[in-house]
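First the structure, in the form of structure tokens, and then the observations on it.
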Amino acid sequence: SFLEPTDVAHLQAICGTHNKVRVLGRGHSFHNICDSVEDGVGISLMAHMNKILEIDTEARTVTAEGGITCSQLCQYLRDETPYALQTMASIPHATIGGSIGTGSHGSSGVDAESGRAWLPSNCGLVSGLELVMADGSARTFTRESNPDIWPGLVTSCGRLGIVSKVTFDLVDDYDVHETIYSRIPIEHFIDNFHNMLEMATCFNAFVSWPTDTVMQVQLQQYVEPGTERTEPPPPNFLGEGQLGHGVVVGGKVGTPEEMAERATPTNRWPNTHFLVPPNNIMEELQIEYFVDLSQAQAALRATWSVAKHWDRVVEEDAVPNWAHDPDAGFLPAGSLMNYCHLRVIRADDQWLSPTTNTTGGGVGDTLAIAFGLNRALWGEDGSGLMEAAGDLERALAPFQAKPHWGKLTAMTGDQISALYGEKLQQFRALANSMDATAKFENDWSAKFLMNGEASSTNLIGLSQEELAEALAN
């Protein structure tokens with residue numbers, strides 16, 4: 001059955017009286033992470049539990065119900081407050097509960113002085129949660145009050161409880177100045193990759209690997225409201241590429257005369273890094289992997305070695321998308337690959353964070369390598385998609401690339417366990433403690449999260465010494 005609770009009390013009653021419960025967000029995930037099991041119940045918070053609850057001006061936070069979408073939240077902040085979220089996932093129609101639960105993210109530039117990415121995933125902005133637990137109780141957790149288990153609570157893939165409320169940290173509102181560069185040779189792009197990141201607060205790139213070309217690089221600077229926009233100097237990474245004809249202003253490409261016009265954190269979303277509108281979200285298949293940012297150049301070349309062959313047509317008479325511009329000479333319509341989207345994310349403290357990777361000895365900041373693949377690749381049984389994903393995963397194996405929790409992968413549960421190691425063991429112990437009867441478990445979480453033994457000791461309320469001993473065992 002499928003239910004839409006009207007408030008927290010109703011949600012508590014559902015969780016307290018059903019043996020199996022899973023929550024469905026906006027449905028952006030590309031597999032069965034949200035599926036309920038036989039004799040279980042699926043729920044959605046979007047219809048009723050989608051309200052702004054509090055703006056705390058002293059703490060500079062906003063608290064909202066878990067069923068509100070990221071775009072609804074940010075539109076409220078834009079229209080009603082002088083605040084903004086520091087960053088937000090590139091797909092803004094996802095619910096905040098689903099977005100933080102899978103570690104969803106936007107992108108960042110890099111601070112030249114420290115070498116650190118500026119902006120984290122959505123999870124890095126969360127300072128408080130209310131979870132409705134397996135016994136029907138509603139419990140509040142905060143970063144300050146629950147430091148020992150906090151790393152297991154935010155990115156939890158719905159396995160610990162239902163996210164009924166989320167508290168985000170806020171920053172002062174800001175304007176976005178964006179410059180678009182196009183048709184950059186890939187070799188030049190890779191050689192100058194790290195220098196390029198230092199030119200922006202937020203970086204996005206879209207690559208046509210089969211034609212050895214970066215279709216677009218979008219560099220965004222976050223500035224104080226009203227800051228005048230000046231013509232950017234030609235960067236050293238451009239090579240034979242070219243400066244775009246304008247910048248994104250209010251969600252549309254503007255003329256040079258419009259370059260000084262204000263673009264807020266909300267209305268920059270409808271530009272080309274918002275790739276998949278809600279009405280055709282399942283018209284493609286997505287895979288995405290995170291590698292240590294310090295190994296980005298080697299990982300990009302490994303990706304190139306595989307994806308350069310992904311221009312073969314797998315769908316006849318396909319409708320061209322934005323990457324299939326015949327005048328641009330990129331990918332043919334119906335090709336295996338629709339696009340590749342590159343982003344950068346600052347590391348966070350979550351045990352299940354896919355956006356943290358220290359394989360190369362770095363601080364954990366990551367490069368995200370995402371693909372939109374042709375829907376026809378699934379075929380009858382998904383084998384075509386899994387073959388393509390497996391090829392890329394083998395190429396990225398030396399970098400211990402982590403897959404996105406909400407996207408498709410050819411990896412097994414054992415491979416996921418090896419990637420996360422002790423941190424996944426800690427999460428399993430926490431899940432067994434908070435949900436001893438596995439009420440929130442389904443086939444997906446059983447395979448990828450709970451594929452191993454873990455303690456069932458109750459971890460809530462333990463001292464730091466007791467917690468460390470329980471997790472060690």
Side-chain angles (χ1 to χ4, degrees), residues 28-33 90-91 102-105 186 190 205-215 275-276 280-291 295-296 298-324 330-343 354 357 366-416 418-419 444 447-448:
H28 178 62
S29 295
F30 288 80
H31 48 63
N32 60 340
I33 186 173
S90 298
I91 301 296
T102 55
S104 295
H105 61 95
I186 286 182
I190 295 176
F206 304 92
V207 185
S208 172
W209 299 103
T211 58
D212 304 337
T213 305
V214 178
M215 297 183 287
L275 293 173
V276 189
N280 69 342
I281 196 66
M282 294 307 294
E283 292 298 305
E284 66 176 11
L285 306 169
Q286 290 187 5
I287 58 175
E288 183 172 14
Y289 304 94
F290 302 89
V291 299
Q295 296 181 307
L300 288 171
R301 289 192 168 90
T303 301
W304 191 7
S305 71
V306 173
K308 66 182 180 181
H309 303 295
W310 284 2
D311 58 345
R312 64 183 177 88
V313 174
V314 296
E315 181 183 11
E316 299 295 338
D317 302 320
V319 177
N321 70 13
W322 63 271
H324 300 150
F330 294 132
L331 299 166
S335 58
L336 185 157
M337 167 186 157
N338 287 333
Y339 59 85
C340 175
H341 187 185
L342 304 178
R343 286 165 288 180
N357 190 325
T366 51
L367 167 68
I369 305 172
F371 283 87
L373 302 180
N374 194 296
R375 61 182 179 178
L377 201 59
W378 189 262
E380 295 293 329
D381 56 5
S383 58
L385 180 282
M386 292 304 169
E387 180 181 356
D391 289 343
L392 183 57
E393 288 168 3
R394 283 186 288 275
L396 294 177
F399 312 102
Q400 295 186 35
K402 296 178 178 179
H404 192 299
W405 290 119
K407 301 186 181 181
L408 295 162
T409 178
M411 292 187 187
T412 65
D414 287 340
Q415 288 174 305
I416 296 294
L419 287 173
W444 181 90
K447 175 180 178 180
F448 289 107

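- The two atoms that bring Ser208 and Met337 nearest to each other are CA-CE, 4.1 Å, heavy atoms only.
- Between the side chain of Thr366 and the backbone N or O of Ala368, no donor-acceptor pair lies under 3.5 Å.
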Take Leu300 and Leu342, measure what side-chain contact (heavy atoms from CB on, under 4.5 Å) needs, and give me the verdict at the end. CA-CA 10 Å; Leu300 288 171; Leu342 304 178; 3.8 Å; yes

Take Ile369 and Phe399 through the side-chain contact (heavy atoms from CB on, under 4.5 Å) test and state the conclusion after the steps. CA-CA 12 Å; Ile369 305 172; Phe399 312 102; over 6 Å; no

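- Side-chain contact of Glu284 with Gln286: a donor-acceptor pair under 3.5 Å is present, judged by distance alone.
- In this structure Thr412 satisfies the side-chain contact (heavy atoms from CB on, under 4.5 Å) test together with Asp414, Gln415, sequence neighbours excluded.
- Residue Met411 holds its CE atom at 12.0 Å from NZ of Lys447, rounded to the nearest 0.5 Å.
- With rounding to the nearest 0.5 Å, the separation of CE in Met215 from CD1 in Ile186 is 9.5 Å.
- In terms of heavy-atom proximity, Ala302 sits nearest to Leu396 at CB-CD2, 4.3 Å.
- Note: Leu367 CG to Thr303 OG1 = 8.0 Å, rounded to the nearest 0.5 Å.
- Here the closest heavy-atom approach between residue Ala376 and residue Val314 is recorded as CB-O, 3.7 Å.
- With sequence neighbours excluded, no residue satisfies side chain to side chain donor-acceptor pair (under 3.5 Å) with Gln400.
- In this structure the side chain of Leu331 never reaches within 4.5 angstrom of the side chain of Trp310, judged on heavy atoms.
- For Arg312, the CZ atom is loosely surrounded, since the number of other residues' heavy atoms within 6.0 Å does not exceed 12.
- For Arg394, the side-chain contact (heavy atoms from CB on, under 4.5 Å) test picks out Asp391, with sequence neighbours left out.
- Closest non-hydrogen pair, Pro210 versus Ala307, comes out as CG-O, 3.5 Å.
- Shown here are the side-chain contact (heavy atoms from CB on, under 4.5 Å) partners of Asp212, two or more places apart in sequence or in another chain: Trp304.
- Contact record, Val214 with Ala205: CG1-CB, 4.4 Å, taken as the closest heavy-atom pair.
- Applying the salt bridge (charged side-chain N to carboxylate O under 4.0 Å, His left out) test to every pair with at least one member in residues 380-390, sequence neighbours left out, gives no pairs at all.
- Between Trp405 and Trp444, the angle of the ring planes goes over 60°, which puts this pair in the perpendicular group of the 30/60° scheme.
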Would His404 and His105 count as a side-chain contact (heavy atoms from CB on, under 4.5 Å) if you check the C-alpha gap in whole Å, the side-chain angles of each, and the deciding distance to 0.1 Å? CA-CA 10 Å; His404 192 299; His105 61 95; 4.2 Å; yes

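- Across Lys402, Glu393, Lys407, a single residue satisfies side chain to side chain donor-acceptor pair (under 3.5 Å) together with Tyr289, and that is Glu393.
- Across every non-hydrogen atom of Leu408 and Ile287, the tightest pair is O-CG2, 3.4 Å.
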Can you list the steps and then say if Leu336 with Phe371 is a side-chain contact (heavy atoms from CB on, under 4.5 Å)? CA-CA 10 Å; Leu336 185 157; Phe371 283 87; over 6 Å; no

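- Remark: Ala318 pairs with Glu315 by the side-chain contact (heavy atoms from CB on, under 4.5 Å) rule, at least two apart or across chains.
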